*Asks:* 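Sharing a structure with you now.
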Amino acid sequence: MGLTLVFFLFFSVFLTPSLSKYHSPLNTAYYRRSCPRFEQIMQETTTNKQITSPTTAAATLRLFFHDCFVGGCDASVLVSSTPFNKAERDAEINLSLPGDGFDVVVRAKTALELACPGVVSCSDILAVAARNLVVQTGGPFYPVNLGRKDSFISKASLVEGNLPRPTMTMDQIINIFGSRGFSVQEMVALSGAHTIGFSHCKEFSSNLYNYNKTSQYDPSYNPRFARALRNACNNFQKDPTLSVFNDVMSPNKFDNKYYQNLPKGLGLLSSDRGLFSDPRTRIHVEEYIRDQDAFFKAFASAMQKLSDHGVKIGRRGEIRHRCDSFNN
């Protein structure tokens with residue numbers, strides 16, 4: 001299918017300290033005078049792109065997470081490598097980042113440069129695109145503060161070895177989030193982004209084939225689900241683009257079905273199923289199963305916090321002319 005592995009929540013050890021949404025140096029009215037059509041252009045761009053390519057929402061969310069988790073929300077993940085610098089996007093774990101996420105940013109940047117040249121940062125574009133696409137797929141609205149600057153650096157070496165994998169234990173995942181200022185509840189809420197998008201078969205194939213001496217597949221899977229996954233992914237070694245929906249019940253709608261799947265053994269990744277098996281996270285999963293509004297509120301709050309994470313302001317960054325390269 002050639003569709004993207006939807007993001008898994010990855011945090012880097014190189015994060016700068018989180019900025020509370022209540023003490024953000026940014027503000028929602030940043031472009032009111034300098035680029036009054038900013039919100040309109042962003043809305044038109046994300047709407048048109050999502051209609052044309054329905055995988056854009058999940059693709060952009062994953063791209064946004066990968067940007068913010070390595071050094072803050074500063075568009076460093078958008079930079080292309082040169083003969084002199086291997087950039088973040090070419091780190092092994094970022095090679096599967098989806099084209100649709102990059103494309104929606106390029107489209108928005110092109111339109112905004114025509115309307116107000118040299119004013120809007122790529123990092124602000126990515127943050128607002130992610131929010132708009134969450135809303136467009138049925139998820140909650142949340143305010144996005146603006147005024148981020150784009151990074152001066154982008155290095156694959158800051159990514160490699162520092163991004164958790166879906167195969168990590170819950171202890172490891174909780175510790176990674178906790179050391180960066182995110183609570184267990186916030187981690188569980190952000191994991192709910194798996195309600196949309198796809199994962200490549202190669203990311204979870206070890207749970208489906210020759211799992212151990214007594215079982216071909218991980219017994220925490222629903223048996224029928226496991227058999228269906230084995231059939232769907234059967235040719236993944238010859239076709240590495242084979243992908244499966246993260247949420248088999250409502251894969252294109254942002255809702256709480258992701259959590260409702262977990263007690264049924266329908267979590268795709270080991271880390272998904274682990275959320276229900278671990279008592280520290282299960283309490284929050286059970287709340288979000290019962291109450292979609294509670295999930296939406298928690299997700300919106302966590303996304304606001306994430307959007308302010310490690311932002312560059314003033315002389316710590318620049319407004320790139322092109323999102324894929326630094327200014328000369």
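None of these values were measured; they are calculated from a predicted model. Atom set for the values below is all heavy atoms of this structure, side chains included, hydrogens, waters and symmetry mates excluded.
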*Asks:* Report yes if the side chains of Leu275 and Tyr258 come closer than 4.5 Å at any heavy-atom pair, otherwise no.
*Replies:*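 Yes, side chains in contact.
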*Asks:* Would you say the side chains of Asn212 and Thr214 form a donor-acceptor pair under 3.5 Å?
*Replies:*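 Asn212 vs Thr214: donor-acceptor pair found between side chains.
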*Asks:* Got a second to check how far Leu262's CG is from Ser220's OG, nearest 0.5 Å?
*Replies:*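 Here the interatomic distance stands at 10.5 Å.
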*Asks:* Please report the closest heavy-atom contact between Asp291 and Asn256, naming both atoms and the distance.
*Replies:*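 For Asp291 and Asn256, the tightest heavy-atom pair comes out as C-ND2, 4.4 Å.
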*Asks:* Is atom CD of Gln237 surrounded by more than 12 heavy atoms (other residues, nucleotides or ligands) closer than 6.0 Å?
*Replies:*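 Open.
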*Asks:* So, for His309 and Phe182, is the gap between ring centers shorter than 6.0 Å?
*Replies:*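 That pair passes the under 6.0 Å test.
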*Asks:* Taking Gln216 for its side chain and Tyr209 for its backbone only, find out whether a donor-acceptor pair lies under 3.5 Å.
*Replies:*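 Pair absent, no side-chain N/O of Gln216 close to backbone of Tyr209.
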*Asks:* What orientation do Phe299 and Tyr142 show, parallel under 30°, tilted 30 to 60°, or perpendicular over 60°?
*Replies:*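 Judged by the thresholds at 30° and 60°, the geometry between Phe299 and Tyr142 is perpendicular.
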*Asks:* If hydrophobic clusters are built by linking Ile, Leu, Val, Met, Phe, Trp and Tyr wherever their side-chain heavy atoms come under 4.5 Å apart, do Ile319 and Ile125 end up in the same one?
*Replies:*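 Shared cluster, no.
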*Asks:* With sequence neighbours left out, what residues match Asp74 under side-chain hydrogen bond (donor to acceptor under 3.5 Å, both in side chains)?
*Replies:*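 Testing Asp74 for side-chain hydrogen bond (donor to acceptor under 3.5 Å, both in side chains), a comparison that skips the adjacent residues, returns Ser76, Lys312.
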*Asks:* Supply the atom-to-atom distance Phe152 CZ to Phe326 CZ, rounded to the nearest 0.5 angstrom.
*Replies:*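 One finds 9.5 Å between CZ of Phe152 and CZ of Phe326.
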*Asks:* Measuring only between side-chain heavy atoms, which start at C-beta, is Leu97 closer than 4.5 Å to Arg62?
*Replies:*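 Heavy-atom side-chain distance check passes, below 4.5 Å.
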*Asks:* For the pair Asp90 and Lys155, evaluate salt bridge (charged side-chain N to carboxylate O under 4.0 Å, His left out) and give the outcome as yes or no after the intermediate values.
*Replies:* CA-CA 9 Å; Asp90 285 324; Lys155 294 185 178 298; over 6 Å; no
*Asks:* Below 6.0 angstrom between ring centroids: does that apply to Phe198 and Phe245?
*Replies:*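 Yes, they do, as the ring centres are separated by less than 6.0 Å.
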*Asks:* Among side-chain atoms of Asn85 and Thr82, is any donor-acceptor pair under 3.5 angstrom?
*Replies:*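 Side-chain D/A pair, Asn85 to Thr82: absent.
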*Asks:* Linking Ile, Leu, Val, Met, Phe, Trp and Tyr by side-chain heavy atoms under 4.5 Å, what else ends up with Phe141?
*Replies:*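 Members alongside Phe141: Val135.
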*Asks:* Please identify each residue that fulfils ring pair (Phe, Tyr, Trp, His ring centres under 6.0 Å) with Phe64, with sequence neighbours left out.
*Replies:*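 If we apply the ring pair (Phe, Tyr, Trp, His ring centres under 6.0 Å) test to Phe64, skipping adjacent residues, there are no hits.
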*Asks:* Should Val79 and Leu158 be regarded as members of a common hydrophobic cluster, given that ILVMFWY residues are connected when their side-chain heavy atoms come within less than 4.5 Å of each other, either directly or indirectly?
*Replies:*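 Different clusters: Val79 never reaches Leu158 through Ile, Leu, Val, Met, Phe, Trp or Tyr contacts under 4.5 Å.
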*Asks:* Would you say Ile196 and Asn252 make side-chain contact, with heavy atoms under 4.5 Å?
*Replies:*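 No - every pair of side-chain heavy atoms lies 4.5 Å or more apart.
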*Asks:* Between the side chains of Glu186 and Lys305, is the shortest nitrogen-to-carboxylate-oxygen separation below 4.0 Å, so that they form an ion pair?
*Replies:*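 Salt bridge: yes.
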*Asks:* Quick check against the 3.5 Å criterion: does Asn235 have a side-chain atom that pairs as donor or acceptor with the backbone of Lys238?
*Replies:*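 Here the side-chain-to-backbone pair does not exist.
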*Asks:* Quick check: closest heavy atoms across Thr56 and Ser53, and the distance to 0.1 Å?
*Replies:*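 The pair with the smallest heavy-atom distance is OG1-O, 2.7 Å.
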*Asks:* I need the Arg89 CZ to Leu63 CG distance, nearest 0.5 Å.
*Replies:*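 Reported to 0.5 Å precision, the distance equals 8.5 Å.
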*Asks:* What pairs with Tyr288 under ring pair (Phe, Tyr, Trp, His ring centres under 6.0 Å), at least two apart in sequence or on another chain?
*Replies:*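 For Tyr288 the ring pair (Phe, Tyr, Trp, His ring centres under 6.0 Å) partners, ignoring immediate neighbours, are Tyr259, Phe295.
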*Asks:* Is the backbone of Thr169 close enough, under 3.5 Å, to the side chain of Gln172 for a donor and an acceptor to pair up by distance?
*Replies:*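 Looks like yes, one N/O pair under 3.5 Å.
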*Asks:* In residues 28-42, what donor-acceptor pairs under 3.5 Å come from side-chain atoms, sequence neighbours left out?
*Replies:*
{"unit_1": "Tyr31", "atom_1": "OH", "unit_2": "Ser121", "atom_2": "N", "d": "3.3"}
{"unit_1": "Tyr31", "atom_1": "OH", "unit_2": "Asp124", "atom_2": "OD2", "d": "2.6"}
{"unit_1": "Gln40", "atom_1": "NE2", "unit_2": "Glu44", "atom_2": "OE2", "d": "3.1"}

*Asks:* Does Leu95 sit in a hydrophobic cluster with other residues, and if so which ones, taking ILVMFWY side chains as linked at heavy-atom separations under 4.5 Å, directly or through other members?
*Replies:*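 Answer for Leu95: none, a lone residue.
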*Asks:* Please tell me if the side chains of Arg282 and Ser277 come closer than 4.5 Å, counting only heavy atoms from C-beta onward.
*Replies:*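 Side-chain contact under 4.5 Å: no.
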*Asks:* Quiz question: by atom type and distance under 3.5 Å, do the side chains of Thr47 and Gln43 form a donor-acceptor pair?
*Replies:*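 Looking only at side-chain atoms, Gln43 and Thr47 do form a donor-acceptor pair, the distance falling under 3.5 Å.
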*Asks:* Is it the case that one hydrophobic cluster holds both Phe236 and Tyr211, taking links as side-chain heavy atoms less than 4.5 Å apart, direct or via other members?
*Replies:*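 Per the 4.5 Å side-chain linkage, Phe236 and Tyr211 are not co-clustered.
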*Asks:* Is it the case that Arg131 and Ser307 place a side-chain donor and acceptor less than 3.5 Å from each other?
*Replies:*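 Arg131 vs Ser307: no donor-acceptor pair found between side chains.
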*Asks:* Can you tell if the side chain of Val134 reaches within under 4.5 Å of the side chain of Pro140, non-hydrogen atoms only?
*Replies:*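 Contact flag for Val134/Pro140 side chains = yes.
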*Asks:* Indicate whether the side chain of Thr60 and that of Asp100 have a donor and an acceptor atom separated by less than 3.5 Å.
*Replies:*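 Thr60 vs Asp100: no donor-acceptor pair found between side chains.
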*Asks:* Any side-chain heavy atom of Asp247 within less than 4.5 Å of one from Asp255?
*Replies:*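 Yes - at least one pair of side-chain heavy atoms lies under 4.5 Å apart.
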*Asks:* Taking CZ in Arg230 as the centre, count heavy atoms belonging to other residues, nucleotides or ligands within less than 6.0 Å. Is the count above 12?
*Replies:*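 Correct, the count exceeds 12.
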*Asks:* Can you find a heavy atom in the side chain of Cys73 that is under 4.5 Å from one in the side chain of Arg148?
*Replies:*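 Yes, their side chains come closer than 4.5 Å.
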*Asks:* Taking side chain as C-beta onward, heavy atoms only, is Arg322 less than 4.5 Å from Cys122?
*Replies:*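 Not touching, per the 4.5 Å side-chain cut-off.
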*Asks:* Mind listing the closest non-hydrogen atom pair of Ala298 and Gln185 along with its distance?
*Replies:*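 Distance-wise, the nearest heavy atoms are CB-NE2, 4.5 Å.
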*Asks:* Enter the distance from Cys323:SG to Leu126:CG here, rounded to the nearest 0.5 Å.
*Replies:*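 The CG atom of Leu126 is 9.0 Å from SG of Cys323, to the nearest 0.5 Å.
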*Asks:* List the atom of Ala57, the atom of Gln50, and the distance in Å for their closest heavy-atom pair.
*Replies:*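 Where Ala57 meets Gln50 most closely, the heavy atoms are N-OE1, 2.9 Å.
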*Asks:* Measure the spacing between OG of Ser191 and NE2 of His284 and express it to the nearest 0.5 Å.
*Replies:*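 Atom-to-atom, Ser191:OG and His284:NE2 are 11.0 Å apart.
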*Asks:* Would you say the side chains of Ser301 and Gln304 form a donor-acceptor pair under 3.5 Å?
*Replies:*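 On atom types as modelled, these side chains do not qualify, holding no pair under 3.5 Å.
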*Asks:* Nearest 0.5 angstrom please: Lys202 NZ to Ser243 OG, how far?
*Replies:*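 Taking NZ in Lys202 and OG in Ser243, the distance rounds to 9.0 Å.
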*Asks:* Looking at Arg273 and Asp278, does any basic side-chain N land under 4.0 Å from a carboxylate oxygen?
*Replies:*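 So Arg273 does not pair with Asp278 through a salt bridge.
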*Asks:* Is there a donor-acceptor pair closer than 3.5 Å between any side-chain N or O of Lys86 and the backbone N or O of Ala156?
*Replies:*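 No: the side chain of Lys86 does not pair with the backbone of Ala156.
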*Asks:* Between Thr45 (side chain only) and Arg107 (backbone N and O only), is there a donor and an acceptor less than 3.5 Å apart?
*Replies:*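 A pair under 3.5 Å: no.
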*Asks:* Please step through side-chain hydrogen bond (donor to acceptor under 3.5 Å, both in side chains) for the pair Asp67 and Ser123, ending with a clear verdict.
*Replies:* CA-CA 9 Å; Asp67 182 41; Ser123 46; over 6 Å; no
*Asks:* Assess the side chains of Asp272 and His194: does a donor N or O sit below 3.5 Å from an acceptor N or O?
*Replies:*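 Yes, His194 and Asp272 have a side-chain donor paired with an acceptor closer than 3.5 Å.
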*Asks:* Might you point out which heavy atoms bring Phe102 and Val77 nearest each other, and give the distance in Å?
*Replies:*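 So the minimum-distance heavy-atom pair works out to CE2-O, 3.7 Å.
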*Asks:* Looking only at heavy atoms, which two atoms of Ala75 and Asp150 are closest? And how far apart?
*Replies:*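 That would be CB-OD1, 3.7 Å.
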*Asks:* Salt bridge or not between Glu113 and Lys109? Use side-chain N to carboxylate O under 4.0 Å.
*Replies:*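 Answer for the salt bridge query: yes.
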